[in-house]
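Data first, discussion second: the structure below is written as structure tokens.
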Protein chains: 2
Amino acid sequence: MGTMQLETVPEPKYWHLKTVLSEALDSEFSVGEILPNERELAARFGVARATLRQALEQLELEGRLQRRRGVGTTVAPPRVGVDVGSESGPHAWPGAPGDAWQPEDHESAPAPAAVARLLGTGRDEVHAVRRSRTTGGQQVASEVLYVPATLVPPVAEGDGAQHGSARARAVLRELHRLELGGQERTVELGSARADDARRLDRLPGAPVLVVTTRYFADGRTAAVSVATYRADTCRLSFGDADAVSLMAS
Amino acid sequence: MGTMQLETVPEPKYWHLKTVLSEALDSEFSVGEILPNERELAARFGVARATLRQALEQLELEGRLQRRRGVGTTVAPPRVGVDVGSESGPHAWPGAPGDAWQPEDHESAPAPAAVARLLGTGRDEVHAVRRSRTTGGQQVASEVLYVPATLVPPVAEGDGAQHGSARARAVLRELHRLELGGQERTVELGSARADDARRLDRLPGAPVLVVTTRYFADGRTAAVSVATYRADTCRLSFGDADAVSLMAS
DNA sequence: TAGTGGTCTAGACCACGTG
DNA sequence: ACGTGGTCTAGACCACTAT
């Protein structure tokens, strides 16, 4: 048989399309520029809109594109590096000076079962402090910090009109009275629940990087935080402060 | 107008489907169990197959399901925690004792432009060491370590038949002669290129967690590694060794 | 060869942001 | 009101795996 197969692995259309678009983005478009709409792009490449969308979805996942309903598809800026680790060497409690997070509210919703298990408490016996993190005016992450009520007694409920943000700060203050023994972080891929999606200005199900941190004190887990970062726009950075400052010289 | 709107936000079908399926997975299925095929599931829920697939894709992204062409859809085991190194503990060169990675090959492909920029060398003036990482018999990550050729001179090329794995080890040995000044890690979401996808037993475009590490020595970047972890099965862990051992007591 | 998930099509309608 | 991306349908065919 003279039918040289030549590794004829038929590449999916959307995959090839993604490559073509990606190269076009590098050479012919600049950040913030708006692309032709999906119907026109599909026609131009001679594919169905669904196929074109498969390629766009991948590019958005990789942080190359940004799509907004009612507006259009734009070329995304490079991902921003957000520092997650090494709050300058030694670990520190959330809310310590230099912390990039801003306390927002004190919530009453019960903790997820997985968090309660880590803390060794009931799902309702916790403080839940909501915090947010912004970079360049854009919110990039949303966090809930869970602290057992046994460690930090109920805060100034009697103050009446004290609003959520103040109660949140009070819990953090109480937390700082403990000595931090260490911490452990995990990072995994998740999809935004409805409430986080709204906060991060994304649709439900948008890909997020979930950073879970356990804070240790007195030989037990004293707090657990679950932070949700926009996966499309963020690059999490676990910097070694010493090394970085060394490089600056 | 008496038309109480009642927050009538019509939840997308696939989103509701995902919730229903997720609960069913918790209560009615066990790990490794095989689900009915997509056509039957779609019929059972009264939706088009594409809609059902949208829900399954999300669940796979979250590590709840595993789908294999020609086989079926199975319930995935919980994500495995893979240790990626402690933020605060002593840093170590790749290939140091206790390293979870296995050297595989010495590659000749040029480094990506972004890596060459970090190293401050030309794209061809580097060693590229391919390594792999397995957990429980399953490959979970694939890595390429780039080292400037100026730091580690060309290795035993004259040895002729010396195979890639040995050359890879030789480069690592040379690297260990330098004193490690520090390191910096970043984590971001990516999609698997064709070669990585094959190695990780996934389809091209599968979601991966990309861990980029810069190793510093002599006040410069002495090496850069780009590791690609399966995002569906992995939970990256940045453990604080001290704290964890403290908890064991 | 049979059955699975993966790709692709050509439509339709909806929700949202902007003018 | 209009144009955008988001959702959904009902099909078809393909690539892969197991038998």
| Mapping Val47(B) and Arg39(B) onto DNA chain D by nearest heavy atom, which one lands closer to the 5' end? | Val47(B)
| message | If you go through the side-chain atoms of Arg49(A), does one of them form a donor-acceptor pair with the base of dG6(D) closer than 3.5 Å? | response | yes
| Separation of atom CZ in Arg69(A) from atom C1' in dT7(D), rounded to whole Å | 9 Å
| Touch class at under 4.0 angstrom, heavy-atom based, for Leu203(B) against every strand present | sugar-phosphate
| said: Using OP1 and OP2 only, check whether a side-chain N or O of Thr73(B) sits under 4.0 Å from dT4(C). | reply: no
| Would you say the side-chain atoms of Ser132(B) and Arg199(B) include a donor-acceptor pair closer than 3.5 Å? | no
| task | Start with the C-alpha distance between Thr233(A) and Arg79(A), add both sets of side-chain angles, then the distance that settles side-chain hydrogen bond (donor to acceptor under 3.5 Å, both in side chains), and finish with yes or no. | result | CA-CA 5 Å; Thr233(A) 59; Arg79(A) 284 189 174 134; over 6 Å; no
| task | Ignoring backbone atoms, establish whether Asn37(A) has a side-chain N or O less than 4.0 Å from OP1 or OP2 of dG3(D). | result | no
| message | In this structure, how many angstroms lie between the P atom of dC8(C) and the OH atom of Tyr14(A), rounded? | response | 7 Å
| task | Could you please name the option among dT7(C), dT9(D), dT9(C) that lies closest to any side-chain atom of Pro12(A)? | result | dT7(C)
| request: Report the distance from atom CD of Gln54(A) to atom P of dT7(D), rounded to the nearest whole Å. | output: 14 Å
| request: Could you check how far CG of Leu56(A) sits from C1' of dG5(D), rounded to whole Å? | output: 10 Å
| task | Name the closest nucleotide to the Arg53(A) side chain, picking from dT4(D), dG6(D), dG6(C). | result | dG6(D)
| request: Determine the sole option in Leu145(A), Asp105(A), Val144(A) for which the side chain to side chain contact (heavy atoms under 4.5 Å, CB included) test with Val129(A) is passed. | output: Leu145(A)
| Short side-chain N/O contact from Arg68(B) to OP1 or OP2 of dC16(D), under 4.0 Å | no
| task | Would you mind reading off the distance between Leu41(A) atom CG and dT4(D) atom C1', rounded to a whole angstrom? | result | 12 Å
| query | Quick one: Gln58(A) CD to dT7(C) C1', roughly how many Å, whole number? | reply | 13 Å
| task | For dT7(C), take OP1 and OP2 only and decide whether either is under 4.0 Å from a side-chain N or O of Thr51(A). | result | no
| said: Can you measure Leu65(A) atom CG to dT4(D) atom C1' for me and round it to whole angstrom units? | reply: 15 Å
| query | Do Arg67(A) and Thr74(A) come within less than 4.5 Å of each other through their side chains, counting heavy atoms only? | reply | no
| task | Rounded to the nearest angstrom, tell me the gap between atom CD in Glu60(B) and atom P in dT4(C). | result | 17 Å
| task | Specify the closest pair of heavy atoms between Asp83(B) and Ser237(B), including all atoms of both residues, with the distance to one decimal. | result | OD1-O, 3.0 Å
| request: Could you say whether Pro36(B) or Gly46(A) is positioned toward the 5' end of DNA chain C, judged by the nucleotide with the nearest heavy atom to each? | output: Pro36(B)
| remark: Walking DNA chain C from its 5' end, the first of Trp15(A) and Gly70(A) to be reached, judged by nearest nucleotide, is Trp15(A)
| field | Of the listed nucleotides dT17(D), dT9(C), dG6(C), the one nearest the side chain of Val71(B) | value | dT17(D)
